[in-house]
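Before any comments, here is the structure.
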Number of protein chains: 2
Amino acid sequence: MALTQTAETRYTKPVLVAVNKPFDDEDGLQALRSHPLFSELNGKDLQHLIQQSRRIRLGHHQLLYRQDMPAHHFFFVISGRLRLYRLDSSGIDRTLDSIAPGDCFAEVMIYADPPRYACYAEALKSSEVLMIPVKAYQDMLESNPKYAQAALRHYAKRAVSRFHDLEIMTVQNARDRLIRYLIDLLPNGAEEGGEVELPLPKCLVASRLAMQPETFSRILADLKANGLVRVNRSRLFISDPQRLIEISQ
Amino acid sequence: MALTQTAETRYTKPVLVAVNKPFDDEDGLQALRSHPLFSELNGKDLQHLIQQSRRIRLGHHQLLYRQDMPAHHFFFVISGRLRLYRLDSSGIDRTLDSIAPGDCFAEVMIYADPPRYACYAEALKSSEVLMIPVKAYQDMLESNPKYAQAALRHYAKRAVSRFHDLEIMTVQNARDRLIRYLIDLLPNGAEEGGEVELPLPKCLVASRLAMQPETFSRILADLKANGLVRVNRSRLFISDPQRLIEISQ
DNA sequence: AAAACACTTTGAGTTAGATCAATTACTCCC
DNA sequence: GGGAGTAATTGATCTAACTCAAAGTGTTTT
């Protein structure tokens with residue numbers, strides 16, 4: 001409930017805080033290099049891009065950008081976790097995505113016209129992101145056709161995954177939406193059981209799935225009571241995904 | 001209800017019917033040239049691509065491809081209208097998109113890996129589509145960097161629009177989902193009123209918006225009774241979109 | 001260690017929307 | 001133009017999920 005009216009009221013001013021620490025730790029660089037949008041870049045180009053980027057540190061619940069703000073940068077998550085959400089006219093906060101370290105977001109803005117962020121982005125805990133100028137990446141893409149191929153593959157994958165998200169949301173009842181969501185979180189899908197970590201606090205998963213936190217809680221309690229999931233804070237253990245699918249008919 | 005169990009039961013065999021008529025009518029060609037994925041192609045390349053493509057005629061309710069089928073082609077709609085949908089384990093049919101003449105679909109498959117269709121596609125009425133080999137388009141993209149830029153812009157736009165679709169679906173009540181859907185159909189959005197043609201039969205709009213046909217019908221009847229829309233078959237007239245937004249709070 | 005805060009769970013009452021059933025209206029054929 | 005098939009509407013229940021309220025749990029702050 002506190003969360004349902006977060007952004008506009010809570011955070012007003014200091015949107016961005018750059019840190020001077022350069023982006024050169026081996027782990028972070030390695031993660032960047034293994035992202036499809038950057039893996040094709042040669043050493044020199046990658047170096048150049050990083051030089052033009054800034055490393056941003058975000059505190060718990062800090063806002064990175066606002067919906068409709070002009071979008072001159074896109075982002076790579078170094079550490080922490082963020083969420084994307086929109087605010088409608090009545091101020092209701094609707095979570096659309098969560099972003100983990102190693103992911104990019106707002107990268108779609110590289111070619112959006114006009115370049116405005118389509119949603120809010122805030123840190124769910126203290127996080128660090130690399131803020132990459134759209135222009136710099138764009139120039140690079142144009143300089144080497146191979147780069148564009150990689151970007152296309154990335155965009156295609158993203159489009160498929162959004163399509164899939166949409167599919168879940170056309171499921172009419174809350175229980176089945178939650179079940180499908182959980183199965184998608186499993187490393188091997190419905191193939192085999194496993195442990196799942198909710199990428200968002202429960203009340204935000206609820207928002208993502210268009211249900212109330214109370215409903216989420218009750219459904220999960222019910223699945224637990226029926227031995228379908230074991231719950232430990234935000235970690236869920238699903239032993240038999242097939243059974244879950246069956247009960248969702 | 002008949003529609004809720006369409007594809008698997010109704011259409012079993014003849015998925016594709018090519019027609020010999022070449023794709024050279026001025027209107028169709030003009031439409032193709034004005035699509036972002038093709039507008040940058042020079043005359044020779046476009047000609048070459050068309051030669052490798054086939055023109056397909058689809059009857060009312062005819063299936064073009066199935067979910068999970070290997071995807072070697074993508075499509076451009078010459079005439080008619082199609083819809084994309086998925087079928088879940090219990091055979092429920094969930095409409096995800098509708099495609100009008102001048103649009104492309106399954107174009108995301110150009111770079112998908114593995115290349116499998118993510119949904120079913122069927123004609124809503126008798127239609128003609130151009131079936132373009134993924135490989136041919138891919139080769140062309142690689143041959144000219146300018147082409148890739150155009151494709152990237154297209155993909156970016158597509159991703160933003162899917163994101164927006166997802167947002168609508170996180171709206172929790174059926175009435176507000178329908179209102180937002182209608183406003184998105186308006187040529188100028190909430191700016192000014194206008195006439196809207198439903199891109200799908202009402203029962204499929206309902207499916208797209210995760211509600212029952214009965215609910216759709218009742219909500220529309222209610223909006224009509226309150227003078228918010230005028231309804232004439234599948235054409236709706238919305239005089240004051242702002243008022244619609246207000247009542248959706 | 002207590003207080004403040006943020007999130008989750010549980011309970012009780014209410015309602016939006018699903019379901020079931022029947023009627024009406026179109027559309028396409030013959 | 002009549003009949004079959006499909007889609008849309010309307011009515012009457014019933015239930016899933018929302019709302020409001022309160023208590024419980026965990027985390028951070030001082």
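As a basis for the values below, the full set of heavy atoms in this structure was taken, side chains included, without hydrogen atoms, waters or symmetry mates. Just so it is clear: chains get the letters A, B, ... in the order the sequence lines come, proteins before strands, and each one is counted from 1.
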Fill in: Proximity to the side chain of A/K202 - top-ranked nucleotide from D/dA8, D/dT19, C/dT8
C/dT8
Discussion item. Taking 4.0 Å as the cut-off, does a side-chain nitrogen or oxygen of A/Q172 come that near to OP1 or OP2 on C/dG17?
Written reply: no
Worksheet item: Which listed nucleotide (C/dC7, D/dG11, D/dA17) is nearest to the side chain of A/A174?
Response: D/dA17
Worksheet item: Once you round it to whole Å, what is the distance between C1' of D/dA16 and CE of B/M211?
Response: 16 Å
Worksheet item: Given atom CG of A/L204 and atom C1' of C/dC7, what is their separation to the nearest angstrom?
Response: 10 Å
Discussion item. In whole Å, I'd like the distance from the CG atom of A/D93 to the C1' atom of C/dA6.
Written reply: 15 Å
Practice prompt. Check the distance between C/dT10's P and A/F216's CZ and give it to me in whole angstrom.
Written response: 13 Å
Fill in: Ion pair A/R83/A/D97, N-O distance below 4.0 Å
no
Discussion item. Output the rounded distance in Å from CG (A/N173) to C1' (D/dA17).
Written reply: 10 Å
Discussion item. When you measure only distances, ignoring hydrogens and angles, does the side chain of A/R175 come within 3.5 Å of the base of D/dT15 through a donor and an acceptor?
Written reply: no
Are there any protein N/O atoms within less than 3.5 Å of an N/O atom in nucleotides 27-30 of chain C, and if so, which ones and at what distance?
unit_1 : atom_1 : unit_2 : atom_2 : d
C/dT27 : OP1    : B/R233 : NH2    : 2.2
C/dT27 : OP2    : B/R233 : NH2    : 3.2

Worksheet item: Among D/dA8, C/dT10, D/dT10, which is the nearest nucleotide to the side chain of B/E214?
Response: D/dT10
Worksheet entry | Heavy-atom side-chain proximity of B/F75 to B/I132 below 4.5 angstrom | no
Discussion item. Quick check: on DNA chain C, is the nucleotide nearest A/V231 upstream (toward 5') of the one nearest B/R177, or the reverse? Name the residue that is more 5'.
Written reply: A/V231
Item to complete: Would you check if there is a donor-acceptor pair between the side chains of B/E197 and B/S234 at a distance under 3.5 Å?
Response: yes
Worksheet, complete the sentence: From CD of B/Q212 across to P of D/dT9 the rounded distance in Å is 15 Å
Worksheet item: Once you round it to whole Å, what is the distance between C1' of C/dG17 and CG of B/D222?
Response: 13 Å
Fill in: A/Q242, CD: over 12 other non-hydrogen atoms inside 6.0 angstrom
yes
Practice prompt. Using the test side-chain contact (heavy atoms from CB on, under 4.5 Å), find all partners of A/R230 that sit at least two apart in sequence or belong to another chain.
Written response: A/F237
Practice prompt. Report the nucleotide, chosen from C/dC7, C/dT8, D/dA21, that has the shortest atom-to-atom distance to any side-chain atom of A/H61.
Written response: C/dC7
Discussion item. Taking the minimum atom-to-atom distance to the side chain of B/T215, which one of C/dA16, D/dT9, C/dA18 wins?
Written reply: C/dA18
Discussion item. Quick check on the 6.0 Å ring-centre criterion: do B/F105 and B/F76 meet it?
Written reply: no
Fill in: Out of D/dC18, D/dT9, C/dT10, whichever nucleotide has its closest atom nearest the side chain of B/S217
D/dT9
Discussion item. Nearest whole Å is fine: how far is D/dA8 C1' from B/I219 CD1?
Written reply: 15 Å
Discussion item. Donor-acceptor check, side chain of A/R177 to backbone of A/A210, threshold 3.5 angstrom: yes or no?
Written reply: yes
